[in-house]
Amino acid sequence: VTIPFIDLDAQRRRMGPALETAILNVTRGGHYIIGPEVGLLEKELAAYTQSAHVVSCANGTDALLLVLMAKDIGPGDAVFVPAFTFIATAEVVALRGATPVFVDVDPKTFNMDPAHLEASIAFIKKQGKLKPKGVIPVDLFGLAADYDALLPIAEAQGLWLLGDGAQSFGARIHGKTVVDRGIAWTTSFFPAKPLGCYGDGGAIFTQDEDTYNRLISLRFHGKGDHRYTHVQIGTNSRLDTLQAAILLEKLKIYDEELKARQLIAERYTKALQDVAETPYIPGGYTSVWAQYTLLVKDRTKVVQALQEAGIPTMVYYPIPLSQQPAYKHYPTLGVPVSESLCGQVLSLPMHPYLTAEVQDFIISHVRKAL
Ligand SMILES: Cc1ncc(COP(=O)(O)O)c(C=O)c1O
């Protein structure tokens, strides 16, 4: 038997004909671009997160990029991003011709370290070459960033904050989603994400009407009141109607899936906390468990032992962004915590359909390997 790292087929089987009917309805309806399901999904996402506005788009990378376009970010601007994340968080900044500045993360939560953000802003200001404009904290592995500490630091320095929630749709602090913490918050519907579609997809959440209006236009070639009037330079970044229909169905079971993920995470932690460093969730935070990630010392040995038992594992992420070949010339004060995490992180199979039996098998082999 091979154990899947994420079992999307189990989800498909569970959803049955509802999903297939939704897909068929779109193919028969013929409104493939910005069809009725897109508007409906945006409404449902807004209701789920209590957000004033939602703009769906082509993927989670574009979601970030469109916000940078709406904020007119460009050459000479500095945007602060964590060094321990997926490349897209920094890529969008570089793509605008601006400069990503790599900030270190907290060794327990793996999320942007507020003290290091403050020091990094001071460092860029002192250098005097770049204009600090914004901060993009990431809710890594499904756990919300420390917005309560990060937002006041950004605001005190006159910077905006944009949350990268590609991995954390539905993550909460004290029972509330975090979509309203900055000028915008974005997510990804890549298939492997907690709320995933059957292709690429993304969304932007904002509480600001002007930003919303700009985003609606930017994702559609900068259109004005008329489809062929272009009032700004935009791009083509729409969510397919087909993906919206799929997401509408998946959203119906999302809370149940989050509960299952939570139970599975708790089970892993209970069984492994004496042999490895298990994930730390601060009081009041609810993770959506996009990943279940351990810190282990002799990772190569553990990966190999698990592989021999047919258990897949992943290393998110092996290299800090500050050491990536295309990014190592960008400024940073140094990111020792990110570097150390890259050498120790190990993600185990995690999805809502992991059975107790399979999980016990994984647990016993992880314990043996450690
Ligand atoms: C932290 C983070 N930001 C951004 C993205 C980009 O999302 P997408 O793959 O939908 O473009 C991802 C996922 O791939 C991610 O994990």
Side-chain angles (χ1 to χ4, degrees), residues 5-6 8 41 45 54-69 79-96 100 102-103 105-106 109-112 134-147 150 161-171 178-179 181-182 184-205 215 219 235-240 242-244 246-247 250 287-293 314-322 324 327 335 338 341-342 345 347 350-351:
F5 189 73
I6 293 176
L8 288 176
L41 175 71
L45 293 173
V54 175
V55 180
S56 62
C57 62
N59 54 67
T61 306
D62 275 5
L64 294 166
L65 186 62
L66 288 163
V67 176
L68 296 187
M69 289 167 80
V79 178
F80 299 81
V81 301
F84 188 58
T85 175
F86 182 62
I87 199 70
T89 317
E91 184 181 42
V92 290
V93 177
L95 209 51
R96 293 298 300 158
F102 299 116
V103 179
V105 298
D106 179 273
T109 63
F110 308 164
N111 282 331
M112 187 182 272
V135 184
I136 313 182
V138 176
D139 305 336
L140 204 73
F141 304 153
L143 176 69
D146 187 357
Y147 291 104
L150 296 168
L161 182 147
L162 159 63
D164 180 349
Q167 305 181 5
S168 64
F169 181 74
V178 294
V179 300
R181 295 306 183 98
W185 184 90
T186 62
T187 198
S188 163
F189 303 125
F190 183 81
K193 299 295 190 234
L195 182 63
C197 57
Y198 285 166
D200 279 307
I204 308 158
F205 300 73
L215 291 167
R219 77 167 174 188
T235 185
N236 175 4
S237 185
R238 295 166 305 228
L239 179 73
D240 288 343
L242 204 52
Q243 302 304 346
I246 290 160
L247 287 164
K250 290 202 185 189
S287 174
V288 297
W289 298 105
Q291 302 297 338
Y292 186 88
T293 305
M314 300 293 265
V315 174
Y316 299 120
Y317 297 92
I319 306 171
L321 302 195
S322 51
Q324 291 289 352
Y327 291 81
V335 291
S338 300
L341 291 175
C342 286
V345 282
S347 300
M350 165 54 92
H351 59 83

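Order of listing sets the numbers, starting from 1, for every ligand and every atom in it.
- Considering backbone and side-chain atoms alike, F190 places every N or O at 3.5 Å or more from each N or O of ligand 1.
- Using a 4.5 Å heavy-atom threshold, the side chains of F190 and D200 count as touching.
- Scanning all protein heavy atoms for the shortest distance to atom 16 (O) of ligand 1 gives Q167 NE2, 2.8 Å.
- Taking any N or O of D200, backbone or side chain, none lies under 3.5 Å from an N or O belonging to ligand 1.
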D139 vs Y147, test: side-chain hydrogen bond (donor to acceptor under 3.5 Å, both in side chains). Steps then yes/no. CA-CA 10 Å; D139 305 336; Y147 291 104; 2.7 Å; yes
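- Evaluated by nearest non-hydrogen atom to atom 6 (C) of ligand 1, the leading choice among N59, T61, V138 is T61.
- The shortest side-chain heavy-atom distance between E91 and F86 does not fall under the 4.5 Å cut-off.
- Scored by the side-chain hydrogen bond (donor to acceptor under 3.5 Å, both in side chains) test, K250 finds Q11 as partners (sequence neighbours excluded).
- The aromatic rings of F169 and F205 lie tilted to each other, with the angle between the two planes from 30° to 60°.
- Here the heavy atom of the protein found nearest to atom 14 (O) of ligand 1 is K193 NZ, 3.2 Å.
- Each of the following atoms of ligand 1 lies closer than 4.0 Å to a heavy atom of A166: 2 (C), 3 (N), 4 (C), 5 (C), 12 (C), 15 (C).
- Looking at T85 next to ligand 1, no N or O pair under 3.5 Å apart turns up.
- Proximity of a side-chain donor or acceptor of R219 to a complementary backbone N or O of S56 within less than 3.5 Å is detected.
- Not a single side-chain hydrogen bond (donor to acceptor under 3.5 Å, both in side chains) links Y316 to another residue, sequence neighbours left out.
- Protein heavy atom at the shortest distance from atom 8 (P) of ligand 1 is G60 N, 3.5 Å.
- Looking at I136, D164, V81, T187 and measuring to atom 1 (C) of ligand 1, the nearest heavy atom belongs to D164.
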